[in-house]
*Asks:* 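Below is one structure. I have some questions about it.
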Amino acid sequence: DSSVMTYTGHTVLQTLIRCHFSPQFTTGQRFIYTGCAAGRVVIYDLLTGKIAKVLEGHKSCVRDVSWHPYNHELVSSSWDFSVTKWDGVENREDKEPVGTSRKRRKMD
């Protein structure tokens with residue numbers, strides 16, 4: 001039965017970590033993305049359940065992530081008091097998102 005899928009590879013610890021579908025306009029909602037207690041953003045292929053990309057850079061739990069509806073960028077927030085903008089996350093011909101760079105901005 002393929003009506004229920006399990007996505008593994010991210011960790012949850014002490015709090016709710018949200019997951020979302022990628023935007024319809026840029027990805028056709030092909031991916032599920034989520035934060036991780038290990039300080040990563042994990043992007044899963046919706047159809048296969050496999051990890052398509054891992055974005056690393058936070059030092060603590062990534063609690064929430066938001067994918068821009070029209071641009072190829074994600075923003076993640078972490079318990080390390082940082083917000084990270086990931087540029088160049090795109091849906092290529094091979095359907096694999098790619099994180100090419102990031103800009104960090106610490107919040108006070």
*Asks:* With rounding to the nearest 0.5 angstrom, report the CD to OG distance, Glu73 to Ser66.
*Replies:*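 Reported value, rounded in 0.5 Å steps: 9.5 Å.
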*Asks:* Taking only residues two or more places apart in sequence or in another chain, which ones pass side-chain hydrogen bond (donor to acceptor under 3.5 Å, both in side chains) with Ser76?
*Replies:*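 For Ser76, the residues satisfying side-chain hydrogen bond (donor to acceptor under 3.5 Å, both in side chains) (neighbours in sequence not counted) are His58, Trp86.
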*Asks:* In the structure I gave you, are the side-chain heavy atoms of Phe25 and Pro69 within less than 4.5 Å of one another anywhere?
*Replies:*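 Answer no - side chains too far apart.
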*Asks:* How far does CZ of Phe31 sit from NZ of Lys53, to the nearest 0.5 angstrom?
*Replies:*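 Phe31 atom CZ to Lys53 atom NZ measures 11.5 Å (nearest 0.5 Å).
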*Asks:* Which value, rounded to the nearest 0.5 Å, describes the distance between Arg63 atom CZ and Thr34 atom OG1?
*Replies:*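 Answer rounded to 0.5 Å: 11.0 Å.
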*Asks:* Can you list everything that forms a side chain to side chain contact (heavy atoms under 4.5 Å, CB included) with Phe21? Sequence neighbours excluded, please.
*Replies:*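 Partners of Phe21 under the side chain to side chain contact (heavy atoms under 4.5 Å, CB included) test: Gln29, Ile32, Leu46.
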*Asks:* Roughly how far, to the nearest 0.5 Å, is CH2 of Trp67 from CD1 of Ile43?
*Replies:*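 Atom-to-atom, Ile43:CD1 and Trp67:CH2 are 4.5 Å apart.
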*Asks:* Residues two or more places apart in sequence or in another chain: which of them pass side chain to side chain contact (heavy atoms under 4.5 Å, CB included) with Ser60?
*Replies:*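 Listed in chain order: Ser78, Trp79, Asp80.
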*Asks:* Using ring-ring contact (aromatic ring centres under 6.0 Å, His included) as the criterion, list what pairs up with His20, not counting sequence neighbours.
*Replies:*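 Partners of His20 by the ring-ring contact (aromatic ring centres under 6.0 Å, His included) criterion, ordered by chain and then number, come out as Tyr33.
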*Asks:* Do the side chains of Leu55 and Leu74 get nearer than 4.5 Å, heavy atoms only?
*Replies:*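 In contact.
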*Asks:* Would you mind reporting whether Ile51 and Val42 have side-chain heavy atoms less than 4.5 Å apart?
*Replies:*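 Yes, close enough: below the 4.5 Å cut-off.
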*Asks:* Using side-chain contact (heavy atoms from CB on, under 4.5 Å), reason through Cys36 and Val62 one step at a time and then give a plain yes or no.
*Replies:* CA-CA 5 Å; Cys36 174; Val62 175; 5.6 Å; no
*Asks:* Go through His72 and Asp87 one step at a time and tell me if the side-chain contact (heavy atoms from CB on, under 4.5 Å) criterion holds.
*Replies:* CA-CA 6 Å; His72 301 295; Asp87 295 314; over 6 Å; no
*Asks:* Within this structure, what is the CZ-NZ distance for the pair Phe81 and Lys59, rounded to the nearest 0.5 Å?
*Replies:*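 Phe81 atom CZ to Lys59 atom NZ measures 13.0 Å (nearest 0.5 Å).
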*Asks:* Side chains of Val83 and Val75: closer than 4.5 Å at any heavy-atom pair?
*Replies:*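 Yes, side chains in contact.
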